[in-house]
Amino acid sequence: MVLERAFYRRDPRTVAPELLNKVLRHADGRSGRIVETEAYCGPTDPAAHSWRGRTARNATMFGMPGLLYVYFTYGMHWCCNPVCGEEGEGVAVLLRALAPLDGLAAMRAARPACRSDRDLCRGPARLCQAMGIDRAQDGIDLVDGAGGFSIVDDGVPPPAAPVVTPRVGITRAVDEPWRWYVPNDPHVSRR
DNA sequence: TCTGCGATAATA
DNA sequence: ATTATCGCAGAC
């Protein structure tokens, strides 16, 4: 049910499409189905935070697979990534959108500016806001669940034919087709 | 529905 | 200076 460490211990380009339709769960009851992901491939990927090696900010990205790397950007937003590959590789998958499943009231309360439930988790920073993920969750283990979060397989398989596109919001390696999303899902950030 | 822009601060 | 973004305003 809860994804085991071996699931994460693979190339992020393999993990990212397989993460589609898995469920991100907060221990407080909030949950959402993952509908959009991107792979970041470490020191060989100029768009990855780990491109120039390990720093204080990206340290978690070089940790054990199954940890959650949470980073701060644009002066006000948090985004989260399950760490993949082998420890020390610096590879991860950015969670870009969820279809909200449970705990919608708590999500709405966490995002007072949000008008429509469709937008609750539509975007990497929006989903972190809705789920209650920020600096306190950087480095938590999604496998043992001790940090209050886990990713579970509830039996819904990944789409047989996910949509593949270049990644969003980057300025380097812009042509690499390392974004995947569930076809025809209204909760995907940019269609 | 789409486009453009300002907010806001850590990082390198 | 740049940034793995968001929400609002204004146009259509």
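Fair warning: this is a prediction, and the values are worked out from it, not measured in the lab. Each chain gets a letter, A, B and so on, in the order the sequences are listed, and its residues count up from 1.
- Rounded to whole angstrom, the span from the CZ atom of A/R190 across to the P atom of B/dT3 amounts to 10 Å.
- Across every strand in view, B/dC2 sits in a pair with C/dG10 that passes the Watson-Crick or G-U test at under 3.5 angstrom.
- Base engagement by A/L94 is indicated by at least one non-hydrogen atom pair under 4.0 Å involving a base atom.
- Across the interface with DNA chain B, nearest-nucleotide mapping of A/T73 and A/H49 shows A/T73 to be the residue nearer the 5′ end.
- Note on A/R108 versus A/D117: salt bridge recorded, some NZ/NE/NH1/NH2 to OD/OE distance being below 4.0 Å.
- A/D119 places its CG atom 16 Å from the P atom of C/dT5, with the value rounded to the nearest Å.
- Of the candidates C/dG7, C/dT5, C/dT3, C/dG7 carries the atom nearest the A/Q129 side chain, counting heavy atoms from C-beta on.
- Listed nucleotides C/dC6, C/dT5, C/dA4 differ in distance to A/R126; the shortest reach to its side chain belongs to C/dC6.
- Salt-bridge annotation for A/R33 and A/D154: present, with a side-chain N of the basic residue lying under 4.0 Å from a carboxylate O of the acidic one.
- Of the candidates C/dG7, B/dA9, C/dT5, the closest approach to any side-chain atom of A/F72 belongs to B/dA9.
- If you check every strand for non-hydrogen atoms under 4.0 Å, A/R179 touches nothing.
- Within the 4.0 Å cut-off from OP1 or OP2 of B/dT11, not a single side-chain nitrogen or oxygen of A/T55 is found.
- Picking from B/dA12, B/dA10, C/dA4 the nucleotide with the shortest atom distance to the side chain of A/N81 gives C/dA4.
- A salt bridge does not link A/R190 with A/E36: every distance from a Lys NZ or Arg NE/NH1/NH2 to an Asp or Glu carboxylate oxygen is 4.0 Å or more.
- In this structure, the nucleotide among C/dT3, C/dA4, C/dC6 sitting nearest to the side chain of A/T171 is C/dT3.
- Annotation: A/R135, atom CZ; neighbour count of heavy atoms from other residues, nucleotides and ligands within 6.0 Å does not exceed 12.
- Taking 3.5 Å as the limit, the base of B/dA7 and the side chain of A/Y74 contain no donor-acceptor pair of atoms between them.
- Within 4.0 Å of A/R115, counting heavy atoms only, lies no atom of the nucleic acid at all.
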